[in-house]
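Please read the structure below before turning to the comments.
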2 protein chains.
Amino acid sequence: MTVSTHERGREWLTKGGLRPTKQRLSLAGLLVGDGENRHVTAEGLHTAAQTAGESVSLATVYNTLRAFCQAGLMHEVTVDGTRSYFDTRMDDHPHFFWEEENRISDAPAGELHITSVPTPPAGYEVAAIDVVVRLRKL
Amino acid sequence: MTVSTHERGREWLTKGGLRPTKQRLSLAGLLVGDGENRHVTAEGLHTAAQTAGESVSLATVYNTLRAFCQAGLMHEVTVDGTRSYFDTRMDDHPHFFWEEENRISDAPAGELHITSVPTPPAGYEVAAIDVVVRLRKL
DNA sequence: GTATATGCAAACCGTTTGCATGGCT
DNA sequence: AGCCATGCAAACGGTTTGCATATAC
């Protein structure tokens, strides 16, 4: 388990052309170690690292997440002005935002379809379409 | 012009059940005085008020925008973690986000259609669907 | 008169940065 | 050896808050 987790993290870093330092391996392991997509906040990932006994400073978590995004390994998702969310899944897809838990997750595939994307104004292109489905407890 | 601007602002406040103080009338006039929808940041509205010769403190702009939202007169739009945008148009509609100008506007009506909204998980309802089309200069 | 809105400045919170130290290749 | 990542703490920027004053009803 630990072995494959680390291997996966290491491969992931290699794919992004990033040097496999101890902290990056720790964080990469937490993010992609089990092959699932993950949605984290910097704070949350920092806590997860502490809990796992890894020593990574909060500043490094921020820097590392930024490096992962620049390397094309992750995605920043904006759903709430007060926090940044980072997603390991790279294709453009809709998210659920659980308002009372301050949490995001992928919206079930195929349940939301966008037809007829707006024509961008002259001189502009559509960089991405962010879709956030806000969920509220009944 | 000035007269009808003020009247519109006053009516708008009344509709939200808010006391028509001098500052609220100023801001309401700037927001809905010409009957158009507006997308503002707190900072931007504050500057607009200054320019118009109205004296409103930044804290009051924030408090007032929050009051307008709570009263159901406006909407907060999240497109960028670093700033809050407020929209006078109340129906659920997609936005353009102009990345290099840090500005939002309504996406042209009818050009984006969402079919088959995701089924909310048991115990939850869909509060809103936020759609942001990010535009980048070519 | 009473409740509520305003202004100011200070607190706040998530995020970023400067700089010295330590690790990777 | 040289470059780059890390950690810490301090700076940062947008937003909120506490408290005294002023205003609407």
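In what follows, chains are A, B, ... by sequence order, proteins preceding strands, each numbered from 1.
- Within the structure, every side-chain polar atom (N or O) of Thr21(B) is placed at least 4.0 Å from both OP1 and OP2 of dT4(C).
- Atom pair Arg24(A):CZ and dA5(D):P shows a separation of 5 Å (rounding to whole Å applied).
- Without hydrogens or angle criteria, Arg38(B) side chain to Leu30(B) main chain gives a donor-acceptor distance under 3.5 Å.
- Residue Val56(A) places its side chain closer to dG7(D) than to any other of dT17(D), dG14(C), dG7(D).
- Using a 4.0 Å cut-off between charged side-chain N and carboxylate O, Arg136(B) and Glu99(B) make a salt bridge.
- Between the P atom of dT15(D) and the CG atom of Asn63(B) lies a distance of 13 Å, rounded to the nearest Å.
- Asp130(A) and Arg134(B) are joined by a salt bridge, as a carboxylate oxygen and a charged side-chain nitrogen come within less than 4.0 angstrom of each other.
- Closest contact between the side chain of Thr60(B) and the listed nucleotides dC25(D), dG7(D), dT6(C) involves dT6(C).
- Ser84(A) has a side-chain polar atom (N or O) that falls below the 4.0 Å cut-off from OP1 or OP2 of dT15(C).
- For the pair Leu25(A) CG and dG23(C) C1', the interatomic distance rounds to 13 Å; values are reported in whole Å.
- Side-chain nitrogen and oxygen atoms of Arg66(B) include at least one within less than 4.0 Å of the OP1 or OP2 phosphate oxygen of dT17(D).
- Among the heavy atoms of the strands, none lies under 4.0 Å from Thr41(A).
- Between the Thr60(A) side chain and the Val56(A) main chain, no donor and acceptor come within less than 3.5 Å of each other.
- For the pair Leu65(A) CG and dG14(C) C1', the computed distance is 13 Å after rounding to whole Å.
- For the pair Tyr85(B) OH and dT15(D) C1', the interatomic distance rounds to 15 Å; values are reported in whole Å.
- Tyr62(B) has its OH atom 19 Å from the P atom of dA11(C), to the nearest Å.
- The interatomic distance linking Leu27(B) (CG) with dT6(C) (P) rounds to 8 Å, in whole Å.
- Nearest to the side-chain atoms of Ser55(B) among the listed nucleotides dG7(C), dG7(D), dG14(C) stands dG7(C).
- Across the interface with DNA chain D, nearest-nucleotide mapping of Glu76(B) and Val61(A) shows Val61(A) to be the residue nearer the 5′ end.
- Heavy-atom distances to DNA chain D give each of Pro20(B) and Leu58(B) a nearest nucleotide, and the one nearer the 5′ end belongs to Leu58(B).
- In summary, Asp106(A) and Arg89(A) engage in a salt bridge, as defined by a charged side-chain N under 4.0 Å from a carboxylate O.
- One can place CD of Gln23(A) at 9 Å from C1' of dG7(D), the figure rounded to the nearest angstrom.
- A donor-acceptor contact under 3.5 angstrom links the side-chain atoms of Arg19(B) to the base of dA24(D).
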